[in-house]
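In what follows, chains carry the letters A, B, and so on, assigned in the order in which the sequence lines appear, proteins first and then strands, with residues in each chain numbered from 1.
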Amino acid sequence: MTNQEVSKVLDDIATMLELVGENPFKCRAYERASRELENSIENVEDLIETERLGDLPGIGKALVEKITELVTSGRMSYYEELRDKIPGGLFDMLKIPGFGPKKAYAVYRDMDITTLDDLESAAQSGRLSGISGFGKKTEERILAGIQSLKERVGLHRLGDVLPCAEMIVDQLRACPAVRRISYAGSLRRMKEVVKDIDILVSSDDSDTVMDAFTRIEFVRETVVRGTTKTSVALDSGINCDLRVVANQSFPAAMQYFTGSKDHNVHLRSIARDLGCKVNEYGVFRGEAVIPCASEQEIYESLNLKYIPPELREDTGEIGAAANGTLPDLIDTTDILGMLHCHTRWSDGSNSVAEMAEAARKRGYRYLAICDHSQSSHVANGLSADRVREQWEEIETVNRSMEDFVVLKGIEVDIKNDGSLDYPDEIMEQFDIVVGSVHQNLHMPSAQMTERLVSALSHPHLDILGHPTNRLILSREPSRFDMDAIIETAAQHGKVLELNGHPWRLDLNWLHCKRAARRGVKIAITTDAHSTADMDLLRYGVGTARRGWLTKGDVVNSLNADEFRSLFSL
DNA sequence: GCCGTTTTCGGCCCGACTGTTTTCAGTCG
């Protein structure tokens, strides 16, 4: 059983406890335990086997017992008892904005409403006003909420949202009433999926800023308009919140609205221990404000080193900031080589020369062309003959460029039995080999593990491409034993890819953390199919930063000579 | 439910906003 599966059960328990009005701190204990497991780089089964589950913060005697029952027997009686008591439809109701556990349980208890549809018709007929605490406005909000639930899916890929947020920031910056501006929230933490856009502005004239905001051309409708907060829906279906604060509160508000919630909760308990208080307006000792001109000074006022947004998930970064062991995170400027790129030879849209020039212009020193191999028919994969022709073209381009080198790479299909898609006499001539699974993505876990282990043991494979094959919000990852893959990569000195394409981000940040801890090197790539795709690198780097990766963990931060010698070229 | 170098019981982050209310509960981030 995976950490994610256990985490989901704990999360459901927390929700059900909230619904029945349990002690909110008990609910939070389950939520915390859920998140602790979800974010743990340790496998829950290993933790149980070695009796270290209780070492995780927030997991005590009772939870160790319940989680052990779940993992060893596949069931948890406590969970099943709760589930028998609470209709599943109540979970759906919680997705209605402004409709929380108390209201959901009230409609169930007082009117026996158990589904969204029943709730909708009850609200339409005005029957809900009979319940204490429910009025006309509440019914209207429920109806509007159900309507917007039907229209919008809740989550969006980082790559779809970040450019949008940057456009909004650029447009608002032109408004003279705006003093400081930035996007915040999970977007700033570079989470792979985000729910909405949070924009923060400091200004002395919030009304003018709000006007400018609601008049942005791709704003579809204004949902809430206030003096400190305005919410709009964009044409793309994404919600965007703008908050306006006084200029002196901007750093504290940035810290606060960047989150994560867990990070902030932990930070405030640190503040409390120091006799201070942190909120979105500043850091306070009693009534007195401790002046902070930047986020950095906020952290310093709590005796912590500055914590980059990508680390703020309460997975140990606060402890590391306290004792000075925060990692020196990889940065986009550290990346010197653009790896895993496609050209017109397979399914890319630019030539080798165009890709090389684009990479050189962006400041990279080398480029690995990795087109598809012969089995990838739909992707116009290269036969052995076409591979040789491509090599000639790459050599021509190399002769024409100074201080830049194009490597002869391939993204070779890993076949069902783990073998690679060309005979050895071709394989051995590539400079760099990325091996990826493109067919039969959902074979049984044991079989997929064997397939990947076998590929990683192949002497000519250098990098395992997009290891889990997931497509974010679209395709589930392949199932296999990730720890076995990491272990095999470590033993054979192989590299794992962090495919930075915003649909993939594969490995994900937690896998990166696990791999790096085992000493496995990571290649941050773009999987570029055009010159423009090279700009996707920042999503890969953002994910790497979330995974605590440093320059030393990433092979394409090496310069061209170091890189060539790592792969014995 | 967790946690503790003042505590094994009594805490557990904090404030804004909203709607239904005469002083507050619920929701949200």
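- Qualifying ring pair (Phe, Tyr, Trp, His ring centres under 6.0 Å) partners for A:Tyr79, counting only residues two or more places apart in sequence or in other chains: none.
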Tell me which donor-acceptor pairs under 3.5 Å the side chains of residues 209-218 of chain A have, and how far apart each pair is, sequence neighbours excluded?
unit_1	atom_1	unit_2	atom_2	d
A:Asp211	OD1	A:Arg225	NH1	3.0
A:Asp211	OD1	A:Arg225	NH2	3.3
A:Thr214	OG1	A:Met210	O	3.2
A:Thr214	OG1	A:Asp211	O	3.1
A:Glu217	OE2	A:Gln171	NE2	3.4

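- Qualifying side chain to side chain donor-acceptor pair (under 3.5 Å) partners for A:Asp110, counting only residues two or more places apart in sequence or in other chains: none.
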Only distances under 3.5 Å count here; give the side-chain donor-acceptor pairs of residues 276-287 of chain A to other protein atoms, sequence neighbours excluded, each with its distance to 0.1 Å.
unit_1	atom_1	unit_2	atom_2	d
A:Asn279	OD1	A:Tyr281	N	2.8
A:Asn279	OD1	A:Gly282	N	3.2
A:Arg285	NH1	A:Leu274	O	3.3

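- Residues of residues 5-25 of chain A having a heavy atom closer than 4.0 Å to DNA chain B, listed by number: A:Asn23, A:Phe25.
- With sequence neighbours left out, A:Arg179 forms a salt bridge (charged side-chain N to carboxylate O under 4.0 Å, His left out) with A:Asp204.
- Of the residues in residues 289-312 of chain A, none has a non-hydrogen atom less than 4.0 angstrom from any atom of DNA chain B.
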Contact list (N/O, under 3.5 angstrom) for nucleotides 14-17 of chain B vs protein:
unit_1	atom_1	unit_2	atom_2	d
B:dC14	O4'	A:Arg268	NH1	3.1
B:dG15	OP1	A:Lys277	NZ	2.9
B:dA16	OP1	A:Tyr281	OH	3.4
B:dC17	OP1	A:Thr228	OG1	3.0

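- Comparing the C1' positions of B:dT8 and B:dC2 gives a spacing of 12 Å, expressed to the nearest Å.
- B:dT22 adopts an anti glycosidic conformation, its chi angle falling more than 90° from 0.
- Taking only side-chain atoms of A:Lys195, from C-beta outward, the nucleotide of B:dG29, B:dG19, B:dG1 with the closest atom is B:dG29.
- With sequence neighbours left out, the side chain to side chain donor-acceptor pair (under 3.5 Å) criterion links A:Asp535 to A:Arg362.
- Here the side chain of A:Pro101 is nearest to one of B:dG1, B:dT20, B:dT27, namely B:dT27.
- As judged by a 4.0 angstrom heavy-atom cut-off over every strand, A:Lys261 is placed among the base-contacting residues.
- Every side chain to side chain donor-acceptor pair (under 3.5 Å) that A:Lys513 has, sequence neighbours left out, goes to A:Thr315.
- Closest contact between the side chain of A:Lys26 and the listed nucleotides B:dG19, B:dG1, B:dT27 involves B:dG1.
- Listed nucleotides B:dG19, B:dC12, B:dG1 differ in distance to A:Tyr78; the shortest reach to its side chain belongs to B:dG1.
- With sequence neighbours left out, A:Glu22 forms a side chain to side chain donor-acceptor pair (under 3.5 Å) with A:Lys26.
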Using a cut-off of under 3.5 Å, enumerate the N/O to N/O pairs linking the protein to nucleotides 3-5 of chain B.
unit_1	atom_1	unit_2	atom_2	d
B:dC3	OP1	A:Gly58	N	2.9

